[in-house]
Amino acid sequence: MEISNGVDERLLRPYDPKNTEDRIYKLWEDSGFFNPDICVEKGIAKADAPYFSIVLPPPNATGVLHLGHVLEDSMQDTMIRYNRMLGKRTLWLPGTDHAAIATDSKVSKILEKEGLKKRDIGREKFLERVDEFVADSRKTIVTQLRKIGASLDWSREAFTLDKARNLAVRTTFKKMYDDGLIYRGHRIVNWDPKGQTVISDDEIVYVEQKNKFYTFKYGPFEIATARPETKFGDKYVVMHPDDKRYAKYTHGQKIQLEWINGPIEATVIKDDMIDMEFGTGVMTITPWHSHEDFALAEKYKLDKEQIIDKYGKLLPVAQEFAGMKILDAREKIVEKLKAKGLLVSIDENYINRVATAERSGGIIEPQIMLQWFVDVNKKIPDRDNKSLKELMLEPVRNKDIKILPDHFEKVYFNWIENLRDWCISRQIWYGHRIPVWYKENETYCGIEAPNGEGWTQDEDTLDTWFSSGLWTFSTLGWPDISAKDLKNFHPTSVINPGYEILFFWVARMILMSQYLIGEIPFETVYLHGMLRDAKGQKFSKSQGNGIDPIEIINEYGADALRMSMIVGIGPGADGKFDLGKVKAYKNFANKIWNITRYVLSIKREGGLKKELVDEWNTMAKDITFDMDNFRFYLAAEKLYAYIWHRFADEIIEESKGKDGYGETLYYILENSIKLLHPFMPFVTEEIWSILPDHKNFLMVEKWPLKGAHDKSNV
RNA sequence: GCGCGGUUAGCUCAGUUGGUAGAGCAACUCUUUUACACAGAGAAGGUCGUAGGUUCAAGUCCUACACCGCGCACCA
């Protein structure tokens, strides 16, 4: 069909994303093509076509999306759109995360501003308030995802704390409990006095701090400490068995000495955990408030005594200091020791790392507490007597799961090797409540509450990552193991989180999936880096330096923002947000727009120029190869260079004034926007709608290369 | 202490299996010629952290070192 000079009136003005994107997203959504079942129904994908699935890393329901999310979502949408165009049954499943501690503390803060206290309004009322907050936040997030152009199947939207996911959690807990993988016990844990909850090792952030480092006389020894306030109960003095300086003291020897509140009897312990080079080579231990001291106390069956309560105040063992906050007491204790002539020296410039809680910022006080744990070392009969650790290690070691960039595999192995039992109970209200009930001396663990009177449920909730670990299959119908989605879309093809949650999340998903369904959760882990602001600072909710992606989109368009997030940012690489880059890709959108205007304005004639078509094919093959190997950052850049600097600057320019190029130019344009669609979906879809004879959406067109991608699930 | 990553144009960063360096922005010259000034043409800008090595050939592989960043462990 011949094209007339009557060009679509939309083309008469520069491309305007603001008046295009929302309209197009609505058309896509109304078409139902985000849903793979509908694609099959309407013949877009064959019922027996290979599948491609990604579950969206669920954004925290604490707030709004920032540019870091856009980076992640642009990447995933690009993969999803590419695979959909390959004709696969393609599912991208959306959801949000209840983010237990983060949300709990956020809502607590909001209440405080209203002059309300969490404990005063009670558990039920508090949870109502959280639900309201989360519903609001979810709305914002969902709107933002649509703005970005994310082709998510909204009919399958999930929440980590909805009914279906809660059933999955209870089912999991019960199974682990019955298998002896979950146990309750007194162990030393990381207590956050500010957040009033236990947290896992992974939720600790170490902060370097300059502290005073004191050396005291302790009988015939000198001991050093940064924390004199823990020393009230210290009655074991530890040294290295090979240390010649202390050779005359023997293991188990009792020594009488004067200490903070009077004379005590100390026992000598000899153990090679001591570093002879550090300090005086002698230390006392506080097993109740130190992981290492606890381990030593367990080894020699030593007494353990609590010194500090859960509010960070000294207990009666401190006598005259009892009831004081530890930081207030510290100086006073030092003064007392000094008065008694026991202070040897103070090093003012001692730098150590202080453990703080990631969410509340509180300084962690190790405590021995009754908590719930997941045993990572116990052999599981159902799983060839492998432990959870081994189940996490194996698929990565065997390359059943590929981690990109691959150097993160080493980091992953290293983490697992040092892994301790996972503390899963939290003393907060918001979250999945532990499905265990007590009655006098009885304990009941079940998916549902026990029958009969007098049972009370455990007050604690679960670590948020416990439910996140189930995400790849709890969203697909599990625990119903015959669920269609589970059969159709699991293991998922790719997971695309930031490297900072490799341990928190990726490892836990592998653990849960391997243990519960005996399957890997995903084939490829494509880790992305961190996006920082122009100064190199992290974008973070707490620092409030987040740029609202919607503002950028309103000014430059989602396509431009997406391209800026993909081009040149390799797997695992951090990037700085660069507005100039966004502008450049906005110009690119307009460039293609104008190319379209020009191509449609000339006569479509002359047949296809073989040389130019061959050249295009070579380029397309190269790009397809990059796409299949997760090199989207290269594919996008090459496409940009071809379209602008080869097609527009050279091919079109050289064709001017010559006859017979119309058909070839049209061919290149039509096929190039297919290649570009996964990256810049809006402008390409809009152009597609202007090109003649196109009934269906570009979104569901076939990728214009045959035979270049035989691998079904790369 | 163990491990990992980075060091490429003024700035921010790419560079797939080794074949004499690329993008965006900024800066320079020219051009408002009917696809596009959200543009075009042209020019400029890098001894690819340092020092060695392998190779016909190294930004790309190997070794050592320096600086920056990160993870893990220790931190009495």
Side-chain angles (χ1 to χ4, degrees), chain A residues 7 11-16 201-202 206 208 211 213-216 218 221-227 230-231 234 236-239 273-275 278-286 290-293 296 350-355 405 407-419 499-500 502-503 529-530 532 534 536 556-557 560 563-564 567-570 572-602 622 625-626 629-631 633-638 640-641 644-645 648-649 652-653 656 665 669:
Chain A
V7 166
L11 286 172
L12 298 177
R13 291 177 295 275
Y15 175 64
D16 177 13
D201 293 344
D202 305 288
Y206 290 94
E208 286 219 330
N211 271 321
F213 193 56
Y214 309 91
T215 304
F216 299 116
Y218 190 80
F221 308 107
E222 285 183 0
I223 57 151
T225 183
R227 301 200 54 194
T230 64
K231 296 288 157 199
D234 287 12
Y236 299 100
V237 58
V238 192
M239 58 211 74
M273 80 170 275
I274 288 286
D275 176 0
F278 190 90
T280 57
V282 183
M283 69 170 186
T284 61
I285 58 168
T286 315
S290 154
H291 286 87
E292 291 70 33
D293 296 359
L296 196 72
Y350 179 68
I351 290 173
N352 68 342
R353 292 198 313 167
V354 177
H407 68 255
F408 275 102
E409 287 181 359
K410 278 188 188 172
V411 179
Y412 179 82
F413 294 143
N414 183 259
W415 177 78
I416 291 178
E417 278 150 22
N418 292 315
L419 191 61
Y499 58 71
E500 76 279 5
L502 178 63
F503 309 141
M530 193 136 31
R532 299 166 193 276
Y556 302 97
M563 272 297 266
S564 79
V567 174
I569 301 180
D574 293 341
K576 284 182 189 168
F577 179 68
D578 179 4
L579 199 59
K581 214 167 151 186
V582 181
K583 283 182 194 163
Y585 293 112
K586 181 187 191 242
N587 295 350
F588 180 51
N590 193 51
K591 185 75 184 179
I592 313 161
W593 190 251
N594 285 304
I595 290 172
T596 305
R597 182 193 306 160
Y598 178 75
V599 171
L600 289 184
S601 74
I602 61 173
D622 187 31
F625 185 67
D626 282 337
N629 289 285
F630 296 95
R631 293 194 293 256
Y633 56 108
L634 285 183
E637 192 173 0
K638 286 175 184 171
Y640 170 90
W644 197 317
H645 299 302
D649 288 351
I652 288 180
E653 288 306 317
K656 282 181 180 173
L665 296 184
L669 172 66

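The sequence lines fix the lettering, A, B, ..., with proteins before strands; numbering per chain opens at 1.
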Does [X] have a side-chain nitrogen or oxygen under 4.0 Å from the phosphate oxygens OP1 or OP2 of [N]?
| X | N | result |
| --- | --- | --- |
| A:Lys410 | B:C4 | yes |
| A:Tyr633 | B:G15 | yes |
| A:Asn587 | B:A39 | yes |
| A:Trp644 | B:G40 | yes |

Would you call the rings of [X] and [Y] parallel, tilted or perpendicular, where under 30° means parallel and over 60° means perpendicular?
| X | Y | value |
| --- | --- | --- |
| A:Trp644 | A:Phe588 | parallel |
| A:Phe408 | A:Tyr499 | parallel |
| A:Tyr640 | A:Tyr585 | perpendicular |

Whole-Å [atom1] distance, [N] and [M]:
| N | M | atom1 | value |
| --- | --- | --- | --- |
| B:G22 | B:C48 | C1' | 12 Å |
| B:G49 | B:U8 | C1' | 10 Å |
| B:U16 | B:U12 | C1' | 22 Å |
| B:C56 | B:C68 | C1' | 37 Å |
| B:A57 | B:U20 | P | 15 Å |
| B:C25 | B:C67 | C1' | 27 Å |
| B:A27 | B:C11 | P | 15 Å |

In this structure, how many angstroms lie between the [atom2] atom of [N] and the [atom1] atom of [X], rounded?
| X | N | atom1 | atom2 | value |
| --- | --- | --- | --- | --- |
| A:Phe588 | B:A37 | CZ | P | 17 Å |
| A:Leu296 | B:C74 | CG | C1' | 15 Å |
| A:Asp649 | B:A35 | CG | C1' | 12 Å |
| A:Tyr15 | B:A35 | OH | C1' | 17 Å |
| A:Phe625 | B:U16 | CZ | C1' | 7 Å |
| A:Glu653 | B:G40 | CD | P | 9 Å |
| A:Arg532 | B:G6 | CZ | C1' | 12 Å |
| A:Phe503 | B:C4 | CZ | P | 14 Å |

Of the nucleotides [options], which has the atom closest to the [X] side chain?
| X | options | value |
| --- | --- | --- |
| A:Arg353 | B:G40, B:U16, B:C74 | B:C74 |
| A:Asp578 | B:G71, B:C38, B:G24 | B:G24 |
| A:Tyr206 | B:A14, B:C75, B:C36 | B:C75 |
| A:His407 | B:C72, B:G15, B:G5 | B:G5 |
| A:Met273 | B:C75, B:A39, B:U16 | B:C75 |

Check every strand shown and say whether [X] touches a base, only sugar-phosphate, or nothing at a heavy-atom separation below 4.0 Å.
| X | result |
| --- | --- |
| A:Tyr640 | sugar-phosphate |
| A:Lys231 | nothing |
| A:Glu292 | sugar-phosphate |
| A:His645 | sugar-phosphate |
| A:Lys576 | sugar-phosphate |
| A:Asp574 | nothing |
| A:Ile223 | nothing |
| A:Ile274 | base |
| A:Asp293 | nothing |
| A:Ala641 | nothing |

Spacing of [atom1] belonging to [X] relative to [atom2] belonging to [Y], to within rounding of 0.5 Å:
| X | Y | atom1 | atom2 | result |
| --- | --- | --- | --- | --- |
| A:Ile652 | A:Leu669 | CD1 | CG | 8.0 Å |
| A:Ile285 | A:Lys231 | CD1 | NZ | 9.0 Å |
| A:Thr225 | A:Asp234 | OG1 | CG | 8.0 Å |

For [N], give the paired nucleotide (Watson-Crick: N1-N3 plus N6-O4 or O6-N4; G-U: N1-O2 and O6-N3; both under 3.5 Å), or none.
| N | result |
| --- | --- |
| B:G10 | B:C25 |
| B:G69 | B:C4 |
| B:U63 | B:A51 |
| B:U17 | none |
| B:C36 | none |

RNA chain B: 5'-proximal contact among A:Phe213 and A:Lys656 (nearest heavy atom): A:Lys656
Closest-nucleotide ordering on RNA chain B, the 5'-leading residue of A:Asp201 and A:Gly279: A:Asp201
Trace of the side chain to side chain contact (heavy atoms under 4.5 Å, CB included) decision for A:Thr284 with A:Phe221: CA-CA 10 Å; A:Thr284 61; A:Phe221 308 107; over 6 Å; no
N/O donor-acceptor pair, side chain A:Glu417 with base B:A73, under 3.5 angstrom: no
Base B:C36 paired with A:Lys591 side chain (donor-acceptor, <3.5 Å): yes
Test side chain to side chain contact (heavy atoms under 4.5 Å, CB included) applied to A:Arg227 and A:Asn211, step by step: CA-CA 9 Å; A:Arg227 301 200 54 194; A:Asn211 271 321; over 6 Å; no
A:Phe503 and A:Leu419, any side-chain heavy atoms less than 4.5 Å apart: no
